[in-house]
Amino acid sequence: MNAATAGGPAGPVRPRTGGPRRGRSVAGTRLWVAVVFLLPAFVLLGALVVYPIGFSVYRSLFDASGDGFVGLGNYGELFTDERIRIALKNNVIWVVVAPTVTTALGLIFAVLTERVRWGTAFKLVVFMPMAISMLAAGIIFRLVYDQDPERGVANAVWVGVHDTFAEPSPYPGAKPRPNAGLTASGGAYTTDKPVRAGDPAHLPLVAVQPGDLGEARPATAARPEPGRVTGTVWLDFTRGGGGTPDIVDRSEKGLPGLTVEAVKDGRTVASTTTGPDGRFSLPAAQADGALLRLPAANFAAAYNGVNWLGPALVTPAIIGAYIWMWAGFAMVLIAAGLAGMPRELLEAARVDGANEWQVFRRVTVPLLAPVLIVVLVTLMINVLKIFDLVYIIAPGSSLKDANVLALQLFQSSFGTDVDQGIGSAIAVFLLLLVLPVMYVNLRRLRKERGR
């Protein structure tokens, strides 16, 4: 019988020493069990990540055939080939502009919609483009940026604003009938002979679009008027044939709203506008013996908007499509950070006399800095590999000017001039560009965990 059994004082209990039993990890799991569960993940990681990276680095050291070793020659060509240099320049524009503008818009949307009743509905509408694939968004914006104002929304709006402040020409593309006694000069048309009072001038035109006639009335031949120089400008064309050239027929339309000038010695001495039936009248005191001129403003081509997908604007236009898609993503993340912000700090700032702009700039933005960095870094990584929007939106004539590294990688590897050595070098270069951004992001995450 021991002391504990006899009712005496129990002896000291010895602590259990030693680590986990042999063959077990700290978590109490057998090592081979952990290996079995992790092995598929490691196999997939090696097959889908490690091997492609390693093979790309290896392939980038060889020429297009894959047999000739060129060392770092492919990497040197990245900075000498004109197409790749344009792509690199565009990538710099993308990285600087797109994430910054998208994050700024997301911040503005998140802050401004916080206090309004319909803020949730607005956020839903802004976030909806995230549900659209890049392919669909590219097709949408290819139509939005169409040059024809009848199809392209951007140019329809732009032309509408332009025509509000600048009067369009009444008859774009119209011209005189051949041998009608009118000579072209700088887009304007001038009579070959001076006009006289009592001898009406006939100025026949053709190539007038039916839609430009509007409410034009049947043309009326001008009659002599005392002390006036008269004339008629009309569409000398009869639908279905018939009619006599240079003669005003009843079935032909007058051209209203057309400016007619009397010119002497290169100087305009009188001016008027044709009436609904195409007739006009000028004072004989100034116009008698002058040449009649139809100014070029009557026939200037209609304003057709901006060539959004031309060489100069194609990259900003595509960046605009990207911002439309990703502003909702930035807004949702920033709104989540804004919801977790301590409200007492904002109220304290307002109590201390700060206005809303000061509260936003000195309190809200500093407190949201971690979230803003996350959004900015995520978008920077995203735009470094942008491909599909550029490939779909940019037309063939501007694809070279809109080129980016990911698109050039595709063209070099699988395009007409296949050179997988160059394509692999571009892929490795893109990886090297992404690594610093990823390092900054991981370092920031570690700091956040350490707090």
Is there a donor-acceptor pair closer than 3.5 Å between any side-chain N or O of [X] and the backbone N or O of [Y]?
X    : Y    : result
D288 : A197 : yes
T268 : E261 : no
T230 : R223 : yes
T191 : L291 : no
Q147 : N304 : yes
Y303 : P168 : no
S169 : Y171 : no
T103 : P99  : yes
T190 : R293 : no
D249 : E252 : no

- Item | L430 vs V434, side-chain contact (heavy atoms from CB on, under 4.5 Å): CA-CA, chis, key distance, verdict | CA-CA 6 Å; L430 269 175; V434 171; 5.5 Å; no
Using a strict 4.0 Å threshold on nitrogen-to-oxygen distance, state whether [X] and [Y] make a salt bridge.
X    : Y    : answer
R85  : E82  : no
D265 : R267 : no
D236 : R177 : yes

- Item | Q408 and S412 side chains, donor-acceptor separation under 3.5 Å | yes
- Query: Is there a donor-acceptor contact under 3.5 Å linking the side chains of R228 and S281?
  - Reply: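 There is such a pair between these side chains.
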Does [X] have more than 12 heavy atoms from other residues, nucleotides or ligands lying within 6.0 Å of its [atom1]?
X    : atom1 : value
N355 : CG    : yes
R362 : CZ    : no
R217 : CZ    : no
K175 : NZ    : no

Below 4.5 Å, heavy atoms only, C-beta onward: do [X] and [Y] meet side chain to side chain?
X    : Y    : result
D146 : V153 : no
L384 : V95  : yes
D212 : P172 : yes
I86  : R83  : no
R350 : V359 : yes
P218 : S251 : no
I393 : Y322 : no
I422 : I84  : yes

- Message: Using side-chain contact (heavy atoms from CB on, under 4.5 Å), reason through D388 and L407 one step at a time and then give a plain yes or no.
- Response: CA-CA 8 Å; D388 24 22; L407 177 58; over 6 Å; no
- Message: Can you give me the closest heavy-atom contact between P366 and P370, atom names plus distance?
- Response: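 P366 and P370 have their closest heavy atoms at O-CD, 4.2 Å.
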- Message: Minimum heavy-atom separation for T259 and P295, please, with both atom names.
- Response: O-CD, 3.2 Å
- Any chance you could lay out the side-chain contact (heavy atoms from CB on, under 4.5 Å) test for V418 and Q420, step after step, and finish with the verdict? CA-CA 6 Å; V418 177; Q420 294 190 353; 4.2 Å; yes
By side-chain hydrogen bond (donor to acceptor under 3.5 Å, both in side chains), which residues pair with [X], not counting sequence neighbours?
X    : value
T100 : none
S60  : Y75
E225 : none

- Who pairs with F165 by ring pair (Phe, Tyr, Trp, His ring centres under 6.0 Å), at least two apart in sequence or on another chain?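 With sequence neighbours excluded, F165 shows a ring pair (Phe, Tyr, Trp, His ring centres under 6.0 Å) to no residue whatsoever.
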- Item | Y58: partners by ring pair (Phe, Tyr, Trp, His ring centres under 6.0 Å), with sequence neighbours left out | F62
Identify all side-chain donor-acceptor contacts of residues 117-142 below 3.5 Å with residues at least two apart in sequence or on another chain.
{"unit_1": "S133", "atom_1": "OG", "unit_2": "A136", "atom_2": "N", "d": "3.2"}
{"unit_1": "R142", "atom_1": "NH1", "unit_2": "I392", "atom_2": "O", "d": "3.1"}

- Check each of T272, L205, T273 against L258 using the side-chain contact (heavy atoms from CB on, under 4.5 Å) test, and report the only one that passes.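 For L258, the side-chain contact (heavy atoms from CB on, under 4.5 Å) check succeeds only for L205.
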Under the side-chain contact (heavy atoms from CB on, under 4.5 Å) rule, collect the residues that match up with [X], sequence neighbours excluded.
X    : result
D352 : none
S397 : P395
P170 : N298

When the side chains of residues 307-314 are checked against the rest of the protein, which donor-acceptor pairs come out under 3.5 Å, sequence neighbours left out?
{"unit_1": "N307", "atom_1": "OD1", "unit_2": "G310", "atom_2": "N", "d": "3.3"}
{"unit_1": "W308", "atom_1": "NE1", "unit_2": "N155", "atom_2": "OD1", "d": "3.0"}

- Task: Just do the side-chain contact (heavy atoms from CB on, under 4.5 Å) check on V404 and F387 with the steps written out, would you?
- Result: CA-CA 7 Å; V404 289; F387 163 78; 5.8 Å; no
Check residues 323-346 and write down every donor-acceptor pair under 3.5 Å in which the side-chain atom is one partner and the other belongs to a residue at least two apart or another chain.
{"unit_1": "R343", "atom_1": "NH1", "unit_2": "E114", "atom_2": "OE2", "d": "2.6"}
{"unit_1": "R343", "atom_1": "NH2", "unit_2": "E114", "atom_2": "OE2", "d": "2.5"}
{"unit_1": "R343", "atom_1": "NH2", "unit_2": "L338", "atom_2": "O", "d": "2.9"}

- Task: Could you list all the ring pair (Phe, Tyr, Trp, His ring centres under 6.0 Å) pairs where at least one residue sits in residues 185-217, not counting sequence neighbours?
- Result: Y189-F299, H202-W234
